[in-house]
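First comes the structure, then the notes that go with it.
Worth knowing before you read on, the calculation uses all heavy atoms, side chains too, and leaves out hydrogens, waters and symmetry mates.
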Amino acid sequence: ISGRRTYADLIFRPIIKANTPPDETIDVGLYFYDLNAKIQHKINDKHRIFLSAYTGADVFSNRYADEFGAFSGGIDWGNLISAARWNWQISPKMFANTTLTYSKYEIDISAGSENFNEDGTKEKFSALYISGIEDIGGKIDFDIIPKPNHYVRFGGGWTNHTYRPGALNFELTDGEDFNLDTLIGSQNSYSNELFLYAEDDFTLGPLKINVGIHASAFAVEDEFYTSVQPRLGLRYLLDNDLAIKAGFSTMTQYINLLTSEALSLPSDLWVPSTAQIKPQQSWQVALGVAKT
């Protein structure tokens, strides 16, 4: 178990307090933290269980108050990642890893004010913006080692995505006669992603070959996308510690990250491919020479 936290705000607070007039209040929060935890249990020589978790966040908040009212605001964003893995040694040359995962990313931006009217009533305003993505998934991976220079890997998995593209909540109270509470933004959306893969890594004299295929499917709303993605990697050893390397791969990406160029804040949005926005596809070829 490990953890850490920055302490800049703990230093700023007494300095700010010492330089603030008695009839005013200023409070600033500015820190990040993270926590890591992992436990491993050996059932016997062939079975082991691993549990791991990580959480962390960046937090900024401020509040100012005087005899006329108060203002507050802040922004925080963070991640939560966890996994449970079962490692099974099926034979001296074959291993299996079964993993369950959960992850979550969220960003919150808030602002609020509180003022006193001339008639003694109080006016309040608050706004909260929330956006994020949440994943639950499982996968199984097999590793086979027929020979020291021959690796075979295959497996498959599933992930359920929950998207929260962004919602803005407004609340306004003016005295006792006017109250407003409304939510503006997109509704949550969901998708399921499936994949299967197989990979063979072997050596023939000076030639090393890595060949594989990755098949995936993506179900969102009324759409069902599929993709078959071959991959190939080659390395040929020459004299004088020279090697020629070549590679070819294809990729399909079903989830899109929308970034605002106007804001230098972590306000990115995660959204799925839909009937209107097709999955992104790419292919890449590489050729190079390496010397040790």
Side-chain angles (χ1 to χ4, degrees), residues 54-55 77-85 96-109 128-142 153-170 182-200 210-233 247-263 265-286:
Y54 163 86
T55 184
W77 62 96
N79 293 282
L80 170 64
I81 305 169
S82 60
R85 179 165 61 93
N97 282 289
T98 304
T99 309
L100 300 176
T101 61
Y102 172 81
S103 65
K104 181 181 180 181
Y105 165 77
E106 189 171 270
I107 175 174
D108 302 337
I109 304 175
L128 175 64
Y129 171 79
I130 301 175
S131 178
I133 183 172
E134 185 176 16
D135 290 351
I136 299 175
K139 64 176 183 173
I140 183 167
D141 304 286
F142 294 92
R153 303 178 180 91
F154 61 93
W158 157 84
T159 303
N160 173 264
H161 305 282
T162 300
Y163 311 87
R164 298 179 175 89
L168 192 59
N169 179 227
F170 287 105
T182 185
L183 182 68
I184 302 172
S186 303
Q187 294 182 344
N188 292 350
S189 59
Y190 309 89
S191 68
N192 285 282
E193 189 171 352
L194 306 167
F195 72 88
L196 294 170
Y197 74 92
E199 176 187 1
D200 197 356
N210 183 291
V211 60
I213 189 166
H214 184 278
S216 62
F218 191 75
V220 57
E221 298 174 350
D222 295 328
E223 296 294 323
F224 188 76
Y225 295 104
T226 59
S227 173
V228 178
Q229 307 152 36
R231 289 93 187 266
L232 176 65
F248 170 79
S249 64
T250 60
M251 300 284 179
T252 299
Q253 181 171 306
Y254 300 105
I255 302 177
N256 307 286
L257 179 64
L258 308 184
T259 303
S260 172
E261 300 292 345
L263 296 174
L265 295 172
S267 56
D268 300 338
L269 308 179
W270 294 94
V271 295
S273 297
T274 62
Q276 290 76 32
I277 306 299
K278 305 296 183 182
Q280 301 177 74
Q281 296 181 329
S282 70
W283 60 270
Q284 176 176 290
V285 176

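For the residue pair Ser191 and Val220, the shortest heavy atom distance occurs at CB-CB, 4.0 Å. The minimum heavy-atom distance linking Val228 with Thr250 is given by the pair O-OG1, 4.4 Å. Heavy atoms only, all atoms of each residue included: Pro279 and Thr252 are closest at CB-CG2, 4.0 Å. Residues Ala275 and Glu223 approach most closely at CB-OE2, 3.5 Å, considering heavy atoms. Scanning all heavy atoms of the two residues, the minimum distance from Leu269 to Pro165 falls at CD2-O, 3.0 Å.
The line from CG of Asn256 to CH2 of Trp270 is 9.5 Å long, rounded to the nearest 0.5 Å. One finds the NZ atom of Lys139 at 10.5 Å from the OG1 atom of Thr98 (value rounded to the nearest 0.5 Å). Atom CD1 of residue Ile140 and atom CH2 of residue Trp158 lie 15.0 Å apart, to the nearest 0.5 angstrom. Distance check: Met251 CE to Ser227 OG gives 10.5 Å after rounding to the nearest 0.5 Å. The distance from atom CD1 of Ile81 to atom OG1 of Thr101, rounded to the nearest 0.5 Å, is 10.0 Å. Glu193 CD to Asp135 CG: the interatomic distance, rounded to the nearest 0.5 Å, is 8.5 Å.
A salt bridge does not link Arg231 with Glu199: every distance from a Lys NZ or Arg NE/NH1/NH2 to an Asp or Glu carboxylate oxygen is 4.0 Å or more.
A donor-acceptor pair shorter than 3.5 Å can be found between the side chains of Ser216 and Tyr254. Counting only N and O atoms by type, the side chains of Thr274 and Glu221 include no donor and acceptor under 3.5 Å apart. Side-chain contact check for Tyr197 and Asp141: at least one donor-acceptor pair (N or O, by modelled atom type) lies under 3.5 Å.
Taking the six-membered ring where tryptophan is involved, the planes of Phe248 and Trp283 are tilted, since the angle between them lies from 30° to 60°. Phe218 and His161 have tilted rings, their planes meeting at an angle from 30° to 60° on a 0 to 90° scale.
Leu194 places none of its side-chain heavy atoms less than 4.5 Å from the side chain of Asn192.
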Set out, in order, the CA-CA distance, both residues' side-chain angles and the distance that settles side-chain contact (heavy atoms from CB on, under 4.5 Å) for Leu80 and Tyr102, then state yes or no.
CA-CA 8 Å; Leu80 170 64; Tyr102 172 81; 3.7 Å; yes
- Please step through salt bridge (Lys or Arg N to Asp or Glu O under 4.0 Å) for the pair Glu134 and Arg164, ending with a clear verdict. CA-CA 8 Å; Glu134 185 176 16; Arg164 298 179 175 89; 3.1 Å; yes
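Atom CG of Leu100 has more than 12 heavy atoms from other residues, nucleotides or ligands within 6.0 Å.
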